[in-house]
Amino acid sequence: LEGIREHRAFTLEHHALVLKGDIERRFGSVADAMTLYARAADIAAKRGDERVEATACQGAAYSAVYLDALDDAMTFARRAANAAASTGDPVLISEVWRQLGNIQRERGDMTRALESQRKAVKTARMGGSRALEAKALNNLALVTERLGDFAEAEECLRRAIRLKEMIGAF
């Protein structure tokens, strides 16, 4: 019985750390949140829980962006991408590609940002998530606009609006 309790507590620990990171990022210290997310990701990796590892790394990456630590954000986002790919979940994979593209855009790496946002759109579509596809199209529009391709940016926004109308988001 004690072994079961220890296993269950260990299994839940990384989930709890992600939740604590979410709370800390919103209401406390972003730096502390990043530490909590990183710990959660490490524990999840040891447990083989790629979904939680990806989610925790996403939280750490968001926190790093808030702290203007874009190199750290990229490291966490790449780790999230690897973990998400292991899950095979197209929605999670699309969310990670979108985040990676946003960080690349912030760093000024527009070529990679464009590639990442296109992958986010494609993967969201494959996963059947119109809401996520619309978000990815919005982000793709930001990148194409920064690259000076205003026609493609406008088309991305039109497609995003159509998707949002289809799901009743407007």
Side-chain angles (χ1 to χ4, degrees), residues 4 6-26 30 32-67 69-107 109 111-143 156 159-160 163-164 166-167 169:
I4 292 171
E6 286 177 22
H7 172 75
R8 187 175 176 129
F10 185 72
T11 301
L12 295 176
E13 181 181 13
H14 57 290
H15 292 278
L17 285 170
V18 170
L19 180 59
K20 285 174 75 175
D22 290 343
I23 294 167
E24 190 66 34
R25 188 178 67 177
R26 286 176 181 84
V30 176
D32 290 346
M34 190 166 78
T35 300
L36 290 166
Y37 288 128
R39 279 184 42 217
D42 290 344
I43 294 169
K46 287 178 186 167
R47 296 289 305 149
D49 191 339
E50 290 92 358
R51 179 173 302 282
V52 174
E53 181 183 4
T55 302
C57 285
Q58 280 186 289
Y62 281 124
S63 298
V65 169
Y66 290 126
L67 295 169
L70 296 180
D71 289 342
D72 290 339
M74 279 301 299
T75 299
F76 283 118
R78 285 187 183 119
R79 183 173 169 191
N82 289 335
S86 296
T87 70
D89 178 354
V91 172
L92 179 60
I93 294 167
S94 178
E95 288 175 347
V96 171
W97 277 117
R98 192 168 56 86
Q99 180 186 43
L100 190 59
N102 287 341
I103 295 166
Q104 290 162 332
R105 186 184 76 233
E106 287 299 313
R107 292 179 65 174
D109 189 349
T111 302
R112 285 197 174 111
L114 181 66
E115 180 183 323
S116 294
Q117 296 300 357
R118 284 185 172 151
K119 287 179 181 179
V121 171
K122 181 180 177 182
T123 311
R125 188 176 308 124
M126 287 173 29
S129 176
R130 290 180 176 162
L132 191 56
E133 184 179 353
K135 285 181 179 181
L137 283 164
N138 283 336
N139 288 325
L140 181 57
L142 291 172
V143 174
C156 288
R159 287 173 47 203
L163 287 168
K164 289 178 181 180
M166 290 171 67
I167 61 173

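In what follows, every heavy atom counts, from backbone to side chain, and hydrogens, waters and symmetry copies are set aside. The first residue in the sequence is number 1, and the count goes up from there.
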Please list, one pair per line, the donor and acceptor atoms closer than 3.5 Å that link side chains of residues 36-45 to other protein atoms, with sequence neighbours excluded.
unit_1	atom_1	unit_2	atom_2	d
Y37	OH	G21	O	3.3
Y37	OH	D22	N	3.1
Y37	OH	D22	OD1	2.4
D42	OD1	R79	NH1	3.0
D42	OD1	R79	NH2	3.1

Checklist entry - How many angstroms lie between CG in L114 and CG in L142, if you round to the nearest 0.5 Å? => result 12.0 Å

Checklist entry - What is the distance from atom CE of M34 to atom OG of S63, rounded to the nearest 0.5 Å? => result 7.0 Å

Side-chain donor-acceptor pairs of residues 69-78 under 3.5 Å, sequence neighbours excluded:
unit_1	atom_1	unit_2	atom_2	d
D71	OD1	R107	NH2	3.3
T75	OG1	D71	O	3.1

Item to check | Given L140, L132, N139, the one that forms side-chain contact (heavy atoms from CB on, under 4.5 Å) with V121 | outcome: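 Looking at L140, L132, N139, the match for V121 under the side-chain contact (heavy atoms from CB on, under 4.5 Å) is L140.
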
Checklist outcome for this item: Sorted by chain and residue number, the side-chain contact (heavy atoms from CB on, under 4.5 Å) partners of N82 (sequence neighbours excluded) come out as none

Next on the checklist: Going by the rule side-chain contact (heavy atoms from CB on, under 4.5 Å), which residues pair with N138 if we only count those two or more places apart in sequence or in a different chain?
Outcome noted: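 If we apply the side-chain contact (heavy atoms from CB on, under 4.5 Å) test to N138, skipping adjacent residues, the hits are L157, A160, K164.
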
Item to check | Closest heavy-atom pair and its distance - V143, Q117 | outcome: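 That would be CG2-CG, 4.0 Å.
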
Checklist entry - With sequence neighbours left out, what residues match D32 under salt bridge (charged side-chain N to carboxylate O under 4.0 Å, His left out)? => result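 Scan of D32 (salt bridge (charged side-chain N to carboxylate O under 4.0 Å, His left out), adjacent residues dropped) gives none.
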
Determine all donor-acceptor pairs shorter than 3.5 Å in which one atom belongs to a side chain in residues 91-101; sequence neighbours excluded.
unit_1	atom_1	unit_2	atom_2	d
S94	OG	A120	O	2.6
Q99	NE2	Q58	O	2.9

Item to check | Pairs flagged by side-chain hydrogen bond (donor to acceptor under 3.5 Å, both in side chains) wherever residues 118-127 is involved - sequence neighbours left out | outcome: E115-K119, R118-E152, R125-E133

Checklist entry - Listed by chain and number, what are the side-chain hydrogen bond (donor to acceptor under 3.5 Å, both in side chains) partners of S116, not counting sequence neighbours? => result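 With sequence neighbours excluded, S116 shows a side-chain hydrogen bond (donor to acceptor under 3.5 Å, both in side chains) to Q104, given in chain and number order.
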
